[in-house]
Amino acid sequence: MDNSSADAGLRGDMNSSGDRQARPEIVQAADGSRSSGTRRVTIQDVAKEAQVSISAVSKVLRDAYGVSPEMRAKVTEAIERLGYRPQAGARAMRGRSYTVGVMLAALSHPFQPEIVEGITDELEPGPYQEILITGGLTAPRQQRSIEALADRQVDGLVIITPEIDTAWLEQLGAGLPAVVVARHGGAVHFDTVVDDDRGGARLMVDHLVGLGHRSIVHTSHPTGSLKKPFVLSHTARRDGYVAAMKRHGLEPDVIETSYTEEGGYLAAVEALDRPSPPTAIFAGADIAAVGVLRAAEERGLGVPEDLTVTGYDNINASSIGRVALTTIDQSGHLTGQMSARLLLERLNGRTQPVHYVVAPRLLVRATSAAPSLRR
């Protein structure tokens, strides 16, 4: 919630009738122009005055690592000239804000809210309160979202599935306690919590091969700009699937769309409309498996009689009786709990990085069976 209008009212003077009147503020830029009114001086004003980026001002305000003395002096002078005061400044001067920032990619991704539930439950007994923000799927927007949390003087961060460059995250972690979720490769200045995605994919392929399947399609998600070993879960799952198929002497068959219901549907349409369709589709995420089930239903295919469909994540909906999806459980709740626990340890003084791995479990339900002899 933006309290700028309320703050302006509180800064105003009382008139003779007891009503508050907003006190005009004067903003003078470097070129000598002045503007008056009730508008609060913003971080954008400071950036324009100092002729630097908003990100640079944010780093100076939170005393982040890597700010040069020249940059700090330029921004500080602009702040003093404009009279800028961050709204969260008073809390920062008193010490900790007892807030934890949590960035997730999107609320529409059903596994990520389960992680947040785990974070909430772990923080519940103590004084810390989580603040949520969605960062989207691109690095620039995710960086802006993280900086917005830092500007609100959160004491630490839990960052879920970031597409952001590793060097940027390392610099962030050097100045603010942070835990990154679902990103492989470890770190120096922040903690990481991941599922053993390669191992989980291997469990699923072994299950399907054990049932007699030889033609197994895997639906995946774009890798993006990240390079190994610093990859997100979907890339590690795909790598695990490819390695497991080759170990069984089978040809990997990956269709890349997206980890959404629509993405799973499109991948299934492509696979099922082939002259020789697969007998099993291993979706890289449960939400994508829902789309696969829709495509199978449209084609009159029974699951698992005509087509085996499996997923990954064990989201809450996957256990509903009508769905009963065979999947890999990576416990979103435990992932969230451990993320919060590691962050609290950092807030209490630990500086050595921790890489925590959640062990996956195969959950066999009603959507997987031996391939039909009719196909």
Mind checking what makes side chain to side chain donor-acceptor pair (under 3.5 Å) contact with Ser215, not counting sequence neighbours? none

Give the table of side-chain donor-acceptor pairs shorter than 3.5 Å for residues 246-255, with sequence neighbours excluded, one pair per line with atom names and distance.
| from | atom 1 | to | atom 2 | distance (Å) |
| --- | --- | --- | --- | --- |
| Arg247 | NH2 | Asp206 | OD1 | 2.8 |
| Arg247 | NH2 | Asp206 | OD2 | 3.3 |
| His248 | NE2 | Asp206 | OD1 | 2.7 |
| Asp253 | OD1 | Arg274 | NH2 | 3.3 |
| Asp253 | OD2 | Arg274 | NH1 | 2.6 |

For Gln44, check side chain to side chain donor-acceptor pair (under 3.5 Å) against everything at least two apart and list the hits. Thr42

Connected-component partners of Val194 among ILVMFWY, side-chain separation under 4.5 Å: Val357

Before accepting this row, confirm whether a basic side-chain N of the pair Glu77/Arg72 lies closer than 4.0 Å to the acidic partner's carboxylate O. no

Could you list all the salt bridge (Lys or Arg N to Asp or Glu O under 4.0 Å) pairs where at least one residue sits in residues 114-134, not counting sequence neighbours? Glu122-Arg341

Test: Arg238 and Asp197 ion pair at under 4.0 Å: no

Applying side chain to side chain donor-acceptor pair (under 3.5 Å), name anything that partners Asn348, two or more places apart in sequence or on another chain. none

Ring-plane angle category for Tyr128 and Tyr98, please: parallel below 30°, perpendicular beyond 60°, tilted otherwise. tilted

Within a 6.0 Å radius of atom CZ on Arg350, are there more than 12 heavy atoms belonging to other residues, nucleotides or ligands? yes

Sort out for me which residue in Thr326, Thr308, Thr327, Thr310 forms a side-chain hydrogen bond (donor to acceptor under 3.5 Å, both in side chains) with Ser368. Thr326

For the residue pair Arg237 and Tyr312, would you count it as a cation-pi contact if the rule is NZ or CZ under 6.0 angstrom from the ring centre and within 45 degrees of the ring axis? yes

Tyr265 and Glu298: CA distance, side-chain angles, deciding distance, side-chain contact (heavy atoms from CB on, under 4.5 Å) verdict: CA-CA 10 Å; Tyr265 173 81; Glu298 287 181 356; 2.6 Å; yes

May I ask you to check whether over 12 heavy atoms, not counting those of Glu297, lie within 6.0 Å of atom CD? no

